[in-house]
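The structure under discussion appears below in the form of structure tokens.
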Amino acid sequence: MTNQQIATHFARLADVMELRGDNLFKIRAYRRAAQTIDGYPRSIAALRDAGSLTEIDGIGSAIADKIGELLDTGRLSLLDRLEAELPAGVATLMQVPEIGPKSARALYDTLGIDSIEALAAAAEAGRLEAVKGIGPRTVQRIVAGIEALQRRSDRSLLGVALPRAEALLAALQAAAPNTVLHSSVAGSLRRCLPTIGDMDLLVAAAPEDGATLIATFNALPWVAQSFGSGERKSRVQLHSGEEVDLRVVEPRHWGCALAYFTGSKEHNIRIREIAQRQGYSLNEYRLVDSAQQEHYFEREAELYDVLGLPWIPPTLREDQGEIAAARAGELPELVQLSDLRGDLHMHSRWSDGKATILEMGQAAKARGYEYIAITDHSQSLGMTGGLTPDQLIAQRYEIINANAKLGDFRILQGAEVEIKADGTLDYPDEVLAQLDVVVASMHSGIRGGREENTRRLLNAIRNPHVHIIGHMTNRLLGEREGADLDVTEILRSAAEHGTILEINAHPKRLDLDASHGREAIEMGCLLSIDSDAHSTEGLEVMRYGVMQAQRAWAEAEDVINSRPLEELLGYLS
DNA sequence: GCCGTTTTCGGCCCGACTGTTTTCAGTCG
């Protein structure tokens, strides 16, 4: 049973207990455990075998026992018992905005509603007002909530949402030039999650400018409709479909507000607990001390400082151990885009890329890199114009010529070699041995079982000519689940053989996932952050890869392409 | 159910908004 599957059981347990009105702190404990387990960088099953589950923050003896039951029997008897009393569908009602546990329960008890479809039908038929506490306005809100749920079912890619959010802030800045004093993205955008639900924007302005600023924002050409706005906040939908929350605060509130609206919620709760323990009370505007004295912070770092913590980068704020690390002075020095000296995975016209090798080299040099690897597809990937061994030889001459024109810059010859269904590679070893950089990837047939997929990757990892495993799971965000894999086994083998694992920076991939990346680093693997560019513009996505590496707690030394060329070549050979 | 710079028992983050409930509960972020 995977960490995610275990987490799902505890999340469902929390849901059904909430519907029953059970002890809220118990529910919070289950929910927190689910969240911790879901993002945990090592195998929960292995930890249980080692008897060290309770060393995880938020997991005590009771939850550890339940994890044991789940791993042994595949079931959670408490959950089974509770779900026998209350249909599992009732919990899904809470997905509708405006409906929480109390309303969901009331809808079920009064009208027998146990699905969103039944809820929509009852609303249509005008039956909802029979439920105590639900009046005509609430019915309207529920109907709107169901629509919002359908609208919101697909999340935006970070690589789409972030540039859009930055452009929105720039447009607001331009439309109200002397009013916007600070501005930033917030929420999951600022924490750089691979996919984004709503876009959160935060702006500082003088109190008297708030209402004007909101009106200016709502009138921007991007905005399709406004769902309601006051003097401090506005919620709108863009023509592109995304929903945006804009908040306006006073400049003196900026530090607290930015921290608050960046989240994550779990991180904020922990920060508040620390504040409380020191006799403070913290909200999104200010810190109040025990003498009721109010403290304002224009910068986030000042707030963390007062609490005795160093500033914690937003990409770490997931309550996954960053607060303990901050306290201990052990926060990682996260890898930055400026640390990268090259890019080891990209395509040219030789396979399915749009630019020539020279153009890719020039564009990369202009970005400040010292080297790149051209890694066109191998022969079996017919659709992409994969190269035969003979074509590789011809390509080498073009690379030599391009290098002659680029001066102090180096193009390496590589290949993205297909890991075939039987686990063998698409080029024989003597061909692989001629290449500077070999990236081995799975593209096809990942519907095989966990064992088969794992075996394919292990074969590639053990091959001494393979340097890097490309986009390990082959997931496509919002389109395709990644391959089912024994990730721990793969990472262990990669660490043992010195095989590098790629964080593919393409916004649809971002694969390794952050939790896998963190586990990889903890197991001693090296990472490579690569664009997988198919054009010169494709090189730009590197920043999203760096963000995911940060979410995996990676430092520059964990990332092979932060090294100078000579050092890189030394490692590869 | 978890946990301890105040604790092994007694707490557990906080404010805004909204609708319908005439004094506040529910939901959200």
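Below, chains carry the letters A, B, ... as their sequence lines are ordered, and counting in each starts from 1.
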Discussion item. Which heavy atom of Val96(A) sits nearest to which heavy atom of Ile146(A), and what is that distance?
Written reply: CG1-N, 3.8 Å

Item to complete: Look at all strands and tell whether Asp245(A) reaches a base, only sugar-phosphate, or nothing, counting heavy atoms closer than 4.0 Å.
Response: nothing

Worksheet item: How would you label the contact of Arg141(A) with the nucleic acid (heavy atoms, under 4.0 Å): base, sugar-phosphate, or nothing?
Response: sugar-phosphate

Fill in: Nearest-angstrom distance from the residue atom CD of Glu266(A) to C1' of dC2(B)
16 Å

Worksheet item: With a 4.0 Å cut-off, would you call Glu83(A) and Arg12(A) a salt bridge?
Response: yes

Worksheet item: Can you find a side chain N or O atom of Gln276(A) that sits less than 4.0 Å from OP1 or OP2 on dT6(B)?
Response: no

Worksheet item: Between Tyr296(A) and Arg286(A), is there a cation-pi geometry (under 6.0 Å to ring centre, at most 45° from the normal)?
Response: no

Practice prompt. Find the distance Leu246(A):CG to dG29(B):P and express it as a whole number of Å.
Written response: 16 Å

Worksheet item: Considering Watson-Crick and G-U wobble pairs with both distances under 3.5 Å, what does dT8(B) pair with?
Response: none

Item to complete: Please figure out whether Tyr30(A) or Tyr280(A) has its closest DNA chain B nucleotide nearer the 5' end.
Response: Tyr30(A)

Item to complete: Classify the angle between the aromatic ring planes of Tyr285(A) and His253(A) as parallel (below 30°), tilted (30 to 60°) or perpendicular (above 60°).
Response: tilted

Discussion item. Going by side chain to side chain donor-acceptor pair (under 3.5 Å), Glu318(A) matches just one of Gln35(A), Arg551(A), His267(A), Lys265(A). Which one?
Written reply: Arg551(A)

Discussion item. Should the side chain of Tyr260(A) and the base of dG29(B) be counted as holding a donor-acceptor pair, with the cut-off at 3.5 Å?
Written reply: yes

Item to complete: Have a look at Val288(A) and say if it touches a base, only the backbone sugar-phosphate, or nothing, with a 4.0 Å heavy-atom cut-off.
Response: nothing

Practice prompt. For Ile63(A), report the nucleic acid contact type (base, sugar-phosphate, nothing); a contact means any heavy atom under 4.0 Å.
Written response: sugar-phosphate

Discussion item. So Leu282(A), base contact, sugar-phosphate only, or nothing? Heavy-atom distance under 4.0 Å.
Written reply: sugar-phosphate

Item to complete: Describe the nucleic acid contact of Ile99(A) in one word from base, sugar-phosphate, nothing, applying a heavy-atom distance below 4.0 Å.
Response: sugar-phosphate

Worksheet item: When you check the phosphate oxygens OP1 and OP2 of dT27(B), does a side-chain N or O of Ser103(A) lie under 4.0 Å from one of them?
Response: yes

Worksheet item: Base, sugar-phosphate, or nothing: which does Lys102(A) touch, judged by heavy atoms less than 4.0 Å apart?
Response: sugar-phosphate

Item to complete: Would you please confirm or rule out a distance under 4.0 Å between OP1 or OP2 of dG1(B) and any side-chain N or O of Ser61(A)?
Response: no

Fill in: side chain to side chain donor-acceptor pair (under 3.5 Å) between Thr138(A) and Glu98(A), worked out
CA-CA 8 Å; Thr138(A) 306; Glu98(A) 312 294 338; over 6 Å; no

Item to complete: Would you indicate what Leu24(A) reaches in the nucleic acid, counting non-hydrogen atoms under 4.0 angstrom: base, sugar-phosphate, or nothing?
Response: nothing

Practice prompt. Kindly point out which of dC2(B), dC12(B), dA16(B) is positioned nearest to the side chain of Tyr285(A)?
Written response: dA16(B)

Fill in: Interatomic distance where CG belongs to Asp22(A) and C1' belongs to dG1(B) [whole Å]
12 Å

Discussion item. Measure CD1/Ile56(A) against P/dC3(B) and give the value in whole Å, please.
Written reply: 11 Å

Worksheet item: Do any side-chain nitrogens or oxygens of Lys66(A) fall under 4.0 Å of OP1 or OP2 in dG1(B)?
Response: yes

Practice prompt. Write down the distance separating the C1' atoms in dT22(B) and dG15(B), rounded off to the nearest Å.
Written response: 23 Å

